Undergrad: 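Before anything else, here's the structure in question.
Remember, it's a predicted structure, so these values are computed and weren't measured experimentally. FYI, the numbering just counts along the sequence from 1.
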Amino acid sequence: MKSLKTLVIAAALSLGAVGAGHAQAPAEAPAATASATPAPATDAATQAAADAAAPAGDATYVPMKPAPGVGQPVDAGINFQAQESPIGEQAYWFSHVVLLPIITVISLFVLGLLLWVIVRYRAKANPVPSKTTHNTFIEIIWTAIPVLILAVIAVPSIRLLAAQYEPPKKDALTIKVTGYQWYWGYAYPDQGIGEYVSKMLTEEQAKASGEPYHLAVDNRMVVPVGQQVKLIITGADVIHSFAVPALWTKMDAVPGRANETTFTVNKPGVYYGQCSELCGVDHGYMPIAVEALPMDKWKAWVRSKGGNPDGAEAAAPAAAQPAPEGPIAAVRTTAPAETPDTAAGDAPAASPATTN
């Protein structure tokens, strides 16, 4: 009898525990639902805040008007174009402060010698020609002085060459330039802007936009002022040459090869160039227009192109995928129970003891 009473009591306790579990389950479900409900509201609020924080003016980009005589040839000009990059300023200084004075002095000196020889050693003044064959002192002078002049010129010259080919900085803006017959293509890979083409405007279009004919284009290369720009230049068909004189930039665009050059623009403006390699019948009709903008306006231009001005690394992280539901969710989210054999197999073997 005692055994029968014990069994009956045990069965009653078991049924009571099962009933209590079923009674508590519905009460917990609403709580879980309530905790999950605010998530969409939070996502919507975050999205609204992000939209409100997005910079305005994406559609305010208007092509800049060029300044007369800046970044383009001038009538009857015999000098370099005004340089608007640090390398260009250094090259202009080297040309006009070092080379030009030295060339002028040497030219005048040689001209003076020629005039003196013409007058002093003319046939009427020297009925008996001199028999002098050489002069050791003069020969030393005309050998040593040119060597010293070349040594003086070499110092700033090598500095300029080193600066022109200095590797770009890490924060340089990368632009891929492709030469086609007969137009240019530009792409901004770090900002997510795919290649767009730049073609010459007709004479009527150029006049309407207030730009010089043969230099104005429909889509310019747009860069920020004060930031180094790295150009990766190639050709799609034949050899072209990307050249912008006011930025002291020139590099061949060779099919199958990626050439690299850099420049930094000092101030806002529009700077024109042209293909400088004979590339076919329309070689003279593939101009270059580089527009330099302040950083905030350049970012607005990037956004107007659908790109990210801060680069791909600063892009917002992808939205989290929703948690799977149903039987597949149980398979993906449930960790397999670790068995003693598996645990033992995953553990690394102990290293053998080191003997001295």
Undergrad: Output, in order, the C-alpha distance, side-chain angles, deciding distance and verdict of side chain to side chain contact (heavy atoms under 4.5 Å, CB included) for F94 and L99.
TA: CA-CA 6 Å; F94 176 58; L99 292 183; 3.6 Å; yes
Undergrad: Checking Y272 against Q81: is there a side-chain donor and acceptor pair closer than 3.5 Å?
TA: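 Looking only at side-chain atoms, Y272 and Q81 do not form any donor-acceptor pair under 3.5 Å.
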Undergrad: Taking the side chain from D218 and the backbone from K199, do they hold a donor-acceptor pair closer than 3.5 Å?
TA: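 Yes; at least one donor-acceptor contact below 3.5 Å.
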Undergrad: Testing the basics here: between A206 and A216, what is the closest heavy-atom pair and its distance to 0.1 Å?
TA: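 Reported closest heavy-atom pair: CB-CB, 4.1 Å.
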Undergrad: Show your working on side chain to side chain contact (heavy atoms under 4.5 Å, CB included) between F242 and I288 and close with a plain yes or no.
TA: CA-CA 8 Å; F242 184 90; I288 302 163; 3.5 Å; yes
Undergrad: Work out which heavy atom in V244 is nearest to a heavy atom in V290; give both atom names and the distance.
TA: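 Nearest pair, atom of V244 first, then V290: CG2-CG2, 4.1 Å.
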Undergrad: What verdict does the side chain to side chain contact (heavy atoms under 4.5 Å, CB included) test give for I175 and V177, after you've listed the backbone C-alpha separation in whole Å, the side-chain angles of each residue and the deciding distance to 0.1 Å?
TA: CA-CA 6 Å; I175 303 176; V177 179; 4.2 Å; yes
Undergrad: Going by atom types only, do S241 and D252 share a side-chain donor-acceptor pair under 3.5 Å?
TA: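 A donor-acceptor contact under 3.5 Å links the two side chains.
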Undergrad: Have Y92 and N79 got a donor and an acceptor in their side chains that come within less than 3.5 Å?
TA: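 Side-chain D/A pair, Y92 to N79: present.
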Undergrad: Which heavy atom of V225 sits nearest to which heavy atom of P294, and what is that distance?
TA: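 Where V225 meets P294 most closely, the heavy atoms are CG2-N, 4.1 Å.
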Undergrad: Other residues, nucleotides and ligands only: do more than 12 of their heavy atoms fall within 6.0 Å of OH on Y196?
TA: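 Result for OH/Y196: enclosed.
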Undergrad: Could you tell me whether a side-chain N or O of R122 sits under 3.5 Å from a main-chain N or O of V119, the two making a donor and an acceptor?
TA: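 Side chain of R122 to backbone of V119, a donor-acceptor pair under 3.5 Å: yes, one is there.
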Undergrad: Quick one: do M286 and S198 satisfy side chain to side chain contact (heavy atoms under 4.5 Å, CB included)? Show the steps, please.
TA: CA-CA 8 Å; M286 52 181 302; S198 177; over 6 Å; no
Undergrad: Please determine, by modelled atom types, if E139 and T136 share a side-chain donor-acceptor pair under 3.5 angstrom.
TA: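 No - no donor-acceptor pair under 3.5 Å links their side chains.
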Undergrad: Is the shortest side-chain heavy-atom distance between M221 and L231 below 4.5 Å?
TA: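 The answer is yes; the side chains approach within 4.5 Å.
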Undergrad: At what distance, to the nearest 0.5 angstrom, does CD1 of I103 lie from CG of L108?
TA: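 Atom-to-atom, I103:CD1 and L108:CG are 12.0 Å apart.
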Undergrad: Are any side-chain N or O atoms of K65 and backbone N or O atoms of S209, one a donor and one an acceptor, separated by less than 3.5 Å?
TA: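 Yes: the side chain of K65 pairs with the backbone of S209.
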Undergrad: Checking side chain to side chain contact (heavy atoms under 4.5 Å, CB included) against I102, which of T104, V105, V98 comes through?
TA: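 Answer after filtering T104, V105, V98: V98.
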Undergrad: Minimum heavy-atom separation for P101 and V97, please, with both atom names.
TA: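 Minimum heavy-atom separation between P101 and V97: CG-O, 3.3 Å.
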Undergrad: Salt bridge between E211 and R220, side-chain N to carboxylate O under 4.0 Å?
TA: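 Counted as a salt bridge, because a side-chain N and a carboxylate O are separated by less than 4.0 Å.
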Undergrad: Do side-chain atoms of H283 reach the backbone of E277 as a donor and acceptor pair under 3.5 angstrom?
TA: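 Confirmed, H283 side chain pairs with E277 backbone.
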Undergrad: Should Y285 and H214 count as side-chain neighbours, where that means a heavy-atom distance under 4.5 Å?
TA: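 Y285 vs H214: side chains touch.
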Undergrad: Would a distance-only check, ignoring hydrogens and angles, find a side-chain to backbone donor-acceptor pair under 3.5 Å from N308 to Q191?
TA: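 It does not hold such a pair.
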Undergrad: What are the two closest heavy atoms between P309 and G307, and how far apart are they?
TA: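 Looking at all heavy atoms of both residues, the closest pair is CD-O, 3.7 Å.
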Undergrad: I need the single residue from E84, E89, Q83 that forms a side chain to side chain donor-acceptor pair (under 3.5 Å) with N266. Which is it?
TA: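 Between N266 and the candidates, side chain to side chain donor-acceptor pair (under 3.5 Å) is satisfied uniquely by E89.
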Undergrad: Just checking, K207 and Y213: is the charged tip under 6.0 Å from the six-membered ring centre and within 45° of the axis?
TA: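 No.
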Undergrad: Starting from the C-alpha separation in whole Å, work towards a yes-or-no answer on ring-ring contact (aromatic ring centres under 6.0 Å, His included) for W301 and Y188.
TA: CA-CA 12 Å; W301 173 84; Y188 296 66; 5.2 Å; yes
